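Counting convention: from 1, in listed order, for ligands and their atoms alike. Here the structure is a predicted model, which means the values were calculated and not measured.
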Amino acid sequence: MRATILGLGYVGLVTAAGLAEREHDVVGVDVDERRVRTLANGIVPIHEPGLQSLVESGLASGRLRFTTDAQAAVSAAQIVIVAVGTHDGHGGWQTRTMVDTLAGIVEHMADDATLVIRSTLPPEFVARLEIIVSQLRADVGRRPIPVLLNPEFTREGRAVRDFLEPDRVVIGVAIDPGGRGVNALTRLYRGVQAPVLRMSAIEACLSKLGANLFLATKISFANEMALLADAFGADVTEVTRGMSYDTRIGGAFLRAGIGFGGSCLPNQVTMTVRAARAVGIEMPLIAAVGEVNARQRSMFVARIASLVGDLRQARVALLGLAFKPDTDDLRDAPSLDIARELIEAGATVVAYDPVPSAMEHAAALVPGLRLAADVRNVLLGADAAGIVTEWPAFREIAWSDVRHLMRRAIVVDGRNALDPAAVAAADFIYASFGRDVVAHAPRPAAEPIVPDVGVVSLPLSAVPD
Ligand code: UGA
């Protein structure tokens, strides 16, 4: 099929390259001329495993092209997919880009074409979408076109695999009399081994939001369990392992630590609470999920401070900057808040991330942040090392080999990524989230252990040492 994708960010680019891989004839459109030129030259400007080779093979086969000419690209397409951004960059939604994009393309779409929205939409916009598109067609005297939602569920770092082998394909129907649009979109996904779920547009919108909110809830839940584990001397990874074999719960997204970052989970938590409030609904659970997440970042800083003492005299090495491994994305990355908080407290903060673009970007975002070229250099003279992103290379650090580089042997593991026994064996003080069984011994019970039945006299031999 001939498909045109508007917006070549993470979502749009993966969709365009993935559809070309599935042998569709794809045109990717973006307003950013430089981005389009770079992509047309076969260079992918983001770090996403597998995407570079997918783009290269799409270009080589001629099935993938890039342009800034939206009008020409949409008029030739059977399916037009919109994947422009809907975040305002400050924890809120913005639909201006979506509205402007629609205004530029809808009148040029062929009468037998289908419009598909892949961007995550604010719920209140879904009803407006239908009206906007119908009006834009009516204004130029053209026939109505089907309008569908097709939310993406791809994770950064695994986006190519998630696109090519999705768990499910959700199709939300906004306008589709006769089902022509659903047929076209189903054809586009032909060969995908996944259930295709058809529902209303608002149900599709809320499925997407609901999935992310639930994942965020699981993470904050695990972080609450980590507090309990620390307080009572348990290892939270054992606790969640024990929970995970229950098929109703599962083990995914129960890793405790500094919490979730990225362009999706944190934003969608705050945006949902705000959107709900705007229609008179309170969402205390989702609001708490966000609060717990923000607390984790500060707890990481507090943990470092409690171990190094005066932060003003301390040099802290941050290992990892991206919000998770296999990406260079720094949007709402915990590293940024953590670095800012440490610098504000007077610490010297040096960071290293395996992806150079993440480091350059972080230096621009956090004044005073210093960068190091590799693991050894970031640890040089440090009073504490903080694991912020669980890149595989950090799991492989032989701590006994780097011990002499550091001023003090302290590791605070924000991702519970290291083997505590191995780090402790290298003579380090090790702290993490919900696994500090030794560091945080169980507190003495508040209640007397011997039932209060008056004075109990024990025989001398029974008195413990
Ligand atoms: C998320 C969803 O997982 C995707 O399904 C969705 O399509 C995407 O948002 C989107 O809306 O576009 P993504 O933002 O790429 O994907 O990242 P996740 O893999 O969900 O990770 C989010 C954050 O949670 C990361 O900072 C990660 O380190 C953290 N995390 C994850 C934990 O702290 N604990 C866990 O157990 C799992």
Side-chain angles (χ1 to χ4, degrees), residues 7 9-15 46-49 51 83-87 93 118-122 150-163 165-170 204-226 236-237 240-241 243-244 249-269 271-272 289-290 292-297 299-300 320-338 358 387-391 394 413-417 432-434:
Y10 267 103
V11 175
L13 186 54
V14 170
T15 305
I46 49 178
H47 180 92
E48 183 62 45
L51 189 54
V84 296
T86 49
H87 297 163
W93 299 101
R118 197 150 170 80
S119 313
T120 304
L121 293 178
N150 175 222
E152 53 85 28
F153 298 95
T154 50
R155 286 159 286 186
E156 286 182 27
R158 294 177 49 124
V160 169
R161 191 156 26 133
D162 283 349
F163 181 82
E165 297 161 30
D167 291 340
R168 77 298 210 186
V169 173
V170 170
C205 165
L206 292 182
S207 300
K208 162 66 198 233
L209 266 184
N212 276 358
L213 296 174
F214 189 68
L215 293 171
T217 306
K218 285 188 90 176
I219 298 169
S220 284
F221 181 88
N223 282 326
E224 296 269 71
M225 290 305 292
V236 74
T237 53
T240 51
R241 193 165 70 94
M243 292 163 56
S244 69
I249 298 171
F253 275 67
L254 286 175
R255 274 181 290 113
I258 52 176
F260 53 83
S263 64
C264 305
L265 265 47
N267 264 311
Q268 283 165 25
V269 165
M271 292 192 292
T272 303
V289 165
V292 168
N293 197 54
R295 181 193 65 192
Q296 297 306 111
R297 299 176 185 194
M299 269 175 61
F300 183 71
L321 288 164
F323 82 97
K324 65 176 184 178
D326 285 327
T327 177
D328 59 351
D329 198 341
L330 287 178
R331 285 176 290 176
D332 212 337
S335 63
L336 303 179
D337 280 346
I338 288 166
I387 308 288
V388 177
T389 316
E390 67 278 31
W391 284 100
F394 301 154
D413 184 354
R415 294 295 185 184
N416 286 358
S432 57
F433 284 80

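In this structure, Thr240 contributes its side chain and Thr237 its backbone to a donor-acceptor pair below 3.5 Å. Arg331 contributes no side-chain N or O that, together with a main-chain N or O of Gly262, makes up a donor-acceptor pair within less than 3.5 Å. A distance-only check finds a donor-acceptor pair linking the side chain of Thr389 to the backbone of Ala322 [under 3.5 Å]. Of the possible polar contacts, one joining the Arg415 side chain to the Gly259 backbone as a donor-acceptor pair under 3.5 Å is found. In terms of modelled atom types and a separation under 3.5 Å, the side chain of Ser119 and the main chain of Val84 share a donor-acceptor contact. For the pair Ser432 (side chain) and Asp413 (backbone), a donor-acceptor distance under 3.5 Å is absent. Side chain of Ser244 to main chain of Gly251: no donor-acceptor pair is present (N/O by atom type, distance under 3.5 Å, no hydrogens or angles). At least one donor-acceptor pair under 3.5 Å links the side chain of Glu48 to the backbone N or O of Ala159.
Counting protein heavy atoms only, atom 30 (N) of ligand 1 is closest to Ile219 CD1, 3.4 Å. Protein heavy atom closest to atom 13 (P) of ligand 1, with residue, atom name and distance, is Lys324 NZ, 3.7 Å. For atom 2 (C) of ligand 1, the closest non-hydrogen atom on the protein side is Asn212 OD1, 3.4 Å. When hydrogens are left out, the protein atom nearest atom 5 (O) of ligand 1 is Phe153 O, 3.1 Å; that is the closest non-hydrogen contact. Protein heavy atom in closest approach to atom 37 (C) of ligand 1: Arg255 NH2, 3.4 Å. Closest protein heavy atom to atom 3 (O) of ligand 1: Arg155 CG, 3.4 Å.
Phe153 CZ: more than 12 foreign heavy atoms inside a 6.0 Å radius.
Remark: distances from the non-hydrogen atoms of Cys264 to ligand 1 include one below 4.0 Å. Heavy atoms of Arg415 approach ligand 1 to within less than 4.0 angstrom. No heavy atom of Gly257 sits closer than 4.0 Å to any atom of ligand 1.
Within the 4.5 Å cutoff, the side chain of Val236 has no heavy atoms near those of the Phe433 side chain.
Ligand 1 has a nitrogen or oxygen under 3.5 angstrom from a nitrogen or oxygen of Glu152. Taking any N or O of Leu265, backbone or side chain, none lies under 3.5 Å from an N or O belonging to ligand 1. Checked by distance only, ligand 1 and Leu254 come closer than 3.5 Å through their nitrogen or oxygen atoms.
Close contacts between ligand 1 and Glu156 involve ligand atoms 15 (O) [criterion: under 4.0 Å to a heavy atom].
Which of Gln296, Arg118, Lys208 comes nearest to atom 11 (O) of ligand 1 through a heavy atom is settled by distance: it is Lys208. Of the options Phe253, Phe260, Phe433, the smallest heavy-atom separation from atom 29 (C) of ligand 1 is shown by Phe260. Counting only non-hydrogen atoms, the option in Leu215, Thr154, Thr120 that gets closest to atom 4 (C) of ligand 1 is Thr154.
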